[in-house]
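In what follows, a single structure is set out as structure tokens and then discussed.
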Amino acid sequence: KLGEKTVEEVVTEKVATIGENMHVRRMVAVEGDSVASYVHNAVADGLGKIGVLVALESEGDPTQLGALGRQIAMHIAAMNPPYNKAADVPADFVAKEKEIELAKMSEKDKQKPAEILEKIISGKINKIVNEVTLYGQPYVLDGDKTVEQVVKAAGAEVVSMQRLAVGDHPADVCRGVGALVRLDDLFDAAFHADLSVIDPQGAVAQLGQELVGVAREHQDAGPLHQLL
């Protein structure tokens, strides 16, 4: 609840105040030793066009781990990797990419010995897998290293991540561990450049901040926290 009212009741009141229909569509959560968050293009505390949660596990310094987590979250916001590690990439995705790469090969290349052909295809698939996984991507803050190298150098591991953006389809949510509370878009109107025009009373921004607060209040365990 938000105070003595349910989330639904508060949203209904805000709709009446603003005169625009809105609803809480999505929420996500992650769990780990350290959870970091990042909101891109924030227009208010916890409100922006892209929100990211990253959960890491490590026996290292929690303070340093939190700083690393935020940097990784910034990378995810920028690069939008669909998967965390190579092991997370679905087998049917890999099989389909193999078919595509084989179809793109010339007839001359297709006549090569099977073991050579497999090596060529595997190299192309590995490149594709690196492109679609967090661990395989070049780190945005240091292009000479992959995210995996940066994380391992810190003695850490990314165990879960969530990225929400305005306009994302609901089917794309909840890939992470232990979904508990998920952040909505948070209402498209809240992300316009000039909130004072479309939200003169600040009702949308206020509601977003209230929802963030109630989500944090309803976390059961310490490490399961940090709604965007």
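Note that these values count all heavy atoms, side chains included, but never hydrogens, waters or copies made by symmetry.
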Output, in order, the C-alpha distance, side-chain angles, deciding distance and verdict of side chain to side chain contact (heavy atoms under 4.5 Å, CB included) for Ile72 and Tyr38.
-> CA-CA 9 Å; Ile72 297 299; Tyr38 172 69; over 6 Å; no
Taking it one step at a time, do Val54 and Val158 satisfy side chain to side chain contact (heavy atoms under 4.5 Å, CB included)?
-> CA-CA 7 Å; Val54 179; Val158 176; 4.0 Å; yes
When you look at Val10 and Thr12, which way does the side chain to side chain contact (heavy atoms under 4.5 Å, CB included) test go after all the steps?
-> CA-CA 5 Å; Val10 173; Thr12 300; over 6 Å; no
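The structure places OH of Tyr139 at 13.0 Å from CE of Met79, a figure rounded to the nearest 0.5 Å. With rounding to the nearest 0.5 angstrom, the CD1 atom of Ile18 is 3.0 Å from the CE atom of Met22. Taken to the nearest 0.5 Å, the CG atom of Leu141 stands 5.5 Å off from the CD atom of Gln71. The line from CG of Asn130 to CD1 of Ile125 is 11.5 Å long, rounded to the nearest 0.5 Å. Here CD1 of Ile76 is found 11.5 Å from CE of Met74. Values are rounded to the nearest 0.5 Å.
Residue Lys98 places its NZ atom among 12 or fewer non-hydrogen atoms of other residues, nucleotides or ligands, all under 6.0 Å distant. For Lys108, the NZ atom counts as loosely surrounded, since its 6.0 Å shell holds 12 or fewer non-hydrogen atoms of other residues, nucleotides or ligands. At most 12 heavy atoms of other shown residues, nucleotides or ligands fall within 6.0 angstrom of atom CD in Glu59. Other residues, nucleotides and ligands contribute only 12 or fewer heavy atoms inside 6.0 Å of the CD atom of Glu8.
Panel note: side chain Asn84, backbone Tyr135; no donor-acceptor pair is recorded below 3.5 Å. Between the side chain of Gln137 and the backbone N or O of Glu131, at least one donor-acceptor pair lies under 3.5 Å. At distances below 3.5 Å, not a single donor-acceptor pair connects side-chain atoms of Asp33 with backbone N or O atoms of Leu56. A donor-acceptor contact shorter than 3.5 Å is absent between the side chain of Arg163 and the backbone of Gly51. Using modelled atom types, no side-chain atom of Glu97 and backbone atom of Val94 make a donor-acceptor pair closer than 3.5 Å. Panel note: side chain Ser37, backbone Leu53; no donor-acceptor pair is recorded below 3.5 Å. Remark: side-chain polar atoms of Gln149 are paired, donor with acceptor, to backbone N or O of Thr146 under 3.5 angstrom. With hydrogens and angles ignored, the 3.5 Å screen pairs no side-chain donor or acceptor of His40 with any backbone N or O of Ile50.
What you find for Leu68 and Ala156 is that their closest heavy atoms are CD2-CB, 4.4 Å. Annotation for Asp92 and Pro90: closest pair OD1-CB, 3.0 Å, computed over non-hydrogen atoms. A pairwise comparison of heavy atoms in Val150 and Lys145 identifies CG2-CB, 4.0 Å as the closest pair. A pairwise comparison of heavy atoms in Ala36 and Arg70 identifies CB-N, 3.4 Å as the closest pair.
Hydrophobic cluster membership differs between Val89 and Ile100, with clusters built from Ile, Leu, Val, Met, Phe, Trp and Tyr side chains linked at under 4.5 angstrom.
For the pair Glu101 and Lys104, the salt-bridge criterion is met [side-chain N within less than 4.0 Å of a carboxylate O]. Lys14 has no carboxylate O lying under 4.0 Å from a charged side-chain N of Glu20, or vice versa, which leaves the two without a salt bridge.
Tyr83 has its side chain out of reach of Val129: every pair of non-hydrogen atoms, C-beta onward, lies at least 4.5 Å apart. Contact check for Leu65 versus Ser58: side-chain heavy atoms found under the 4.5 Å cut-off. Taking 4.5 Å as the limit, some side-chain heavy atom of Val159 sits within range of a side-chain heavy atom of Glu57. Looking at Thr17 and Val15, their side chains never come closer than 4.5 Å, going by heavy atoms from C-beta outward. Side-chain contact between Glu107 and Gln111: present, with at least one pair of heavy atoms (C-beta onward) separated by less than 4.5 Å. Counting only heavy atoms from C-beta outward, the side chains of Leu134 and His75 approach each other to under 4.5 Å.
Residues forming a salt bridge (charged side-chain N to carboxylate O under 4.0 Å, His left out) with Glu148 (at least two apart in sequence, or on another chain): Lys152. With sequence neighbours excluded, the residues forming a salt bridge (charged side-chain N to carboxylate O under 4.0 Å, His left out) with Glu13 are Lys5, listed by chain and number. The side chain to side chain contact (heavy atoms under 4.5 Å, CB included) test applied to Ile120 returns Met105, Lys112, Ile116, Lys124, not counting sequence neighbours.
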